Student: 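Dropping the structure in here first, questions after.
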Amino acid sequence: MGQCTQNVSDYMNTPTKKITLSDIAKAAGVSTCTASKILRDQAGYTEATRTQVKSVAARLGYQLNEVASLLAKHRTVGKSEANKLVVGFLDASQHSFAILQRVCEGMGLEARYYNPSDFSSPELAARVLYHQGVHGIIISPHRFPWSEKWQQEFDWSRFSVVKISRGLPALPVHLVRHSPFDYMRKTLDVVIDRGYKKIAVLMERSASQQDNEARLGAVLVYQHNKLPAGVTLRWLVTEADNPNVLDERTIHWIKNDPTDALITYHWACIYPLLQAGVFIPNRLAMAAVLADSEKIPDTPLVSGCDTNRSELYQRALRILQELILHGVKGLPLNPTESVIEPAWVEGETLPWRK
């Protein structure tokens, strides 16, 4: 430790010297490889070694080359084919990337995932994607962490851009989305047709106020004009912003008010309902405005309108491919919208009433 302290002192007394990773490694008494991995928060080292390296780096004023670090993090195995278009998927969650990747492979495109939270600035994000050879970007706006200011500061002029869903209203780009009005209307049609009389609708406060209003509009149309005799319809807007977690007020509303069938905004609402002791479909039938045909182990397959992500991504990628091939980049003056029509997923949660 005495030798290390002396080395640090020596470097601090030489203000004109540019501190390198090798300097940090030498002063901390570790290899350059070890210093590099620790400063990039990679696993496999003791806490004492981590503390030693980071302490030395802090005292010497060493700063990582963030661009180089992120380029290394997002590097791909091998090189892209010279004629293959590269699509960057800018999304806060990697959950849907596997589907996008499969669709890209079928279209002869290369897909790369980028988490917007990885970047300390929009300028840095644009530089990394550009140097990675990304031609076009698919944006998934759900839970997107960038402020409107950051969205505007990203250099969109370097890329062709399409977004899926109406989130990020301050970002006017070509859009592919579901129809929230048609999806809600289709779900209500099926639930009423199957003989349910007391229907509750759980809606969210989503990132898109337009989508919220469209779903509510479909409910109001039914309530005032289309409800068959003997059918009642009521709704609640949940305070939760995550379908996997419902607030106590919502759970109480569902458990204590008499309801035959519950329509939720997303199929994942089934998890907090089951955890709260709501037995589906024995105690309560359920349908989702956005359902998924993929079966989840140990969970009933939720009936509802298919998210149809493959079709969503195919349509978005076809538009993006055309933009790239015609050299159209940046934010368009007149962004277009393409709407996915609802298709039904027949699950286990909405049996026919006898």
Side-chain angles (χ1 to χ4, degrees), residues 92-93 95-96 140-144 164-169 177-192 194 196 198-223 233-255 257 259-276 278 280-281 284-294 296 299-309 312 339-350:
S93 169
H95 175 71
S96 299
S140 180
H142 188 57
R143 299 181 185 280
F144 203 83
I164 50 176
S165 94
R166 278 196 292 208
L168 310 183
R177 63 177 177 87
H178 302 99
S179 168
F181 183 92
D182 290 342
Y183 268 60
M184 178 63 81
R185 185 182 62 182
K186 174 70 173 181
T187 309
L188 284 163
D189 279 343
V190 175
V191 172
I192 292 171
R194 295 196 176 183
Y196 292 92
K198 298 176 181 179
I199 303 169
V201 181
L202 180 63
M203 291 185 285
E204 66 167 337
R205 285 191 174 92
S206 73
S208 171
Q209 184 62 27
Q210 286 179 296
D211 286 357
N212 293 334
E213 292 172 353
R215 281 188 285 266
L216 179 58
V219 172
L220 292 175
V221 166
Y222 267 86
Q223 189 177 53
L233 182 62
R234 59 195 179 82
W235 71 89
L236 176 73
V237 179
T238 179
E239 297 296 329
D241 63 354
N242 184 338
N244 291 284
V245 181
L246 296 179
D247 56 280
E248 292 184 6
R249 178 182 71 106
T250 301
I251 294 293
H252 182 272
W253 181 78
I254 293 169
K255 293 180 71 172
D257 288 345
T259 298
D260 297 329
L262 174 68
I263 296 174
T264 63
Y265 58 92
H266 194 280
W267 68 267
C269 291
I270 193 172
Y271 293 131
L273 292 174
L274 292 174
Q275 291 171 1
V278 179
I280 299 171
L284 180 67
M286 176 182 173
V289 176
L290 288 174
D292 198 314
S293 57
E294 183 179 348
I296 306 298
T299 304
L301 180 62
V302 178
S303 303
C305 291
D306 195 349
T307 54
N308 206 353
R309 284 176 291 178
L312 189 73
V339 179
I340 304 295
E341 299 299 323
W344 189 256
V345 172
E346 190 56 65
E348 308 162 64
T349 61
L350 192 73

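Fair warning: this is a prediction, and the values are worked out from it, not measured in the lab.
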Student: Is the backbone of Leu301 close enough, under 3.5 Å, to the side chain of Glu348 for a donor and an acceptor to pair up by distance?
Tutor: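 Between the backbone of Leu301 and the side chain of Glu348 there is a qualifying donor-acceptor contact (under 3.5 Å).
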
Student: Hey, are Thr259 and Arg234 close enough side-chain-wise for a donor-acceptor pair under 3.5 Å?
Tutor: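 Side-chain D/A pair, Arg234 to Thr259: present.
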
Student: Using only heavy-atom distances, determine whether the side chains of Ser96 and Arg309 contain a donor-acceptor pair under 3.5 Å.
Tutor: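 Judged by distance alone, the side chains do pair up.
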
Student: Ignoring hydrogens, what is the shortest heavy-atom contact between Trp344 and Ala287? Give both atom names and the distance.
Tutor: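 Minimum heavy-atom separation between Trp344 and Ala287: CH2-CB, 4.4 Å.
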
Student: Can you confirm whether Thr187 sits close enough to Cys305 that some side-chain heavy atom of one is under 4.5 Å from a side-chain heavy atom of the other?
Tutor: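 Heavy-atom side-chain distance check passes, below 4.5 Å.
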
Student: I need the minimum non-hydrogen distance between Leu202 and Thr238, along with the two atoms involved.
Tutor: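 Residues Leu202 and Thr238, closest heavy atoms: CD1-CB, 3.8 Å.
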
Student: To the closest 0.5 Å, what do you measure between CG (Leu312) and CZ (Arg177)?
Tutor: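 If I round to the nearest 0.5 Å, the distance is 11.0 Å.
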
Student: Within the side chain of Thr349, is there an N or O that forms a donor-acceptor pair under 3.5 Å with the backbone of Ser303?
Tutor: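 Such a contact is found between Thr349 side chain and Ser303 backbone.
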
Student: For the residue pair Tyr183 and Ile340, what are the closest heavy atoms and their distance?
Tutor: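 Closest heavy-atom pair between Tyr183 and Ile340: CE1-O, 3.5 Å.
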
Student: Find out whether Met286 and Cys269 are in side-chain contact, i.e. whether some heavy atom of one side chain is under 4.5 Å from a heavy atom of the other.
Tutor: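 Yes, their side chains come closer than 4.5 Å.
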
Student: Within the side chain of Ser179, is there an N or O that forms a donor-acceptor pair under 3.5 Å with the backbone of Asp182?
Tutor: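 Indeed, once roles are kept as given, a pair shorter than 3.5 Å links the two residues.
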
Student: Is the backbone N or O of Pro342 less than 3.5 Å from a side-chain atom of His178, with the two atoms forming a donor-acceptor pair by type?
Tutor: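 Checked: no pair found.
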
Student: Using the rule given for side-chain contact (heavy atoms from CB on, under 4.5 Å), can you reason through Val302 versus Ile280, listing the C-alpha separation, both sets of side-chain angles and the distance that settles it, and then say yes or no?
Tutor: CA-CA 10 Å; Val302 178; Ile280 299 171; over 6 Å; no

Student: Using a 4.5 Å cut-off on heavy atoms from C-beta on, say whether the side chain of Tyr265 contacts that of Leu290.
Tutor: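 Sidechains of Tyr265 and Leu290: no contact.
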
Student: Could you please spell out the steps behind the salt bridge (charged side-chain N to carboxylate O under 4.0 Å, His left out) verdict for Arg194 and Glu346?
Tutor: CA-CA 13 Å; Arg194 295 196 176 183; Glu346 190 56 65; 2.5 Å; yes

Student: Would you say Val191 and Asp260 make side-chain contact, with heavy atoms under 4.5 Å?
Tutor: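 No, their side chains stay 4.5 Å or more apart.
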
Student: Donor-acceptor check, side chain of Lys255 to backbone of Thr250, threshold 3.5 angstrom: yes or no?
Tutor: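 Here the side-chain-to-backbone pair does not exist.
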
Student: When you compare the side chain of Val245 with that of Pro272, does any pair of heavy atoms fall below 4.5 Å?
Tutor: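 Contact flag for Pro272/Val245 side chains = no.
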
Student: Among Leu220, Ile263, Val201, which residue meets the side-chain contact (heavy atoms from CB on, under 4.5 Å) test with Leu233?
Tutor: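 Option passing the side-chain contact (heavy atoms from CB on, under 4.5 Å) with Leu233: Val201.
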
Student: Shortest non-hydrogen contact from Arg166 to Pro180?
Tutor: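 Closest approach of Arg166 to Pro180: NH2-CG, 3.7 Å.
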
Student: Measuring only between side-chain heavy atoms, which start at C-beta, is Thr299 closer than 4.5 Å to Ile270?
Tutor: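 When only atoms from C-beta onward are counted, Ile270 and Thr299 do touch, with a gap below 4.5 Å.
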
Student: Hey, are the side chains of Arg215 and Phe181 touching, using non-hydrogen atoms and a 4.5 Å cut-off?
Tutor: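 No; the side chains remain at least 4.5 Å from each other.
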
Student: Side-chain contact, heavy-atom cut-off 4.5 Å: Val219 with Met184?
Tutor: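 SC-SC contact between Val219 and Met184 confirmed.
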
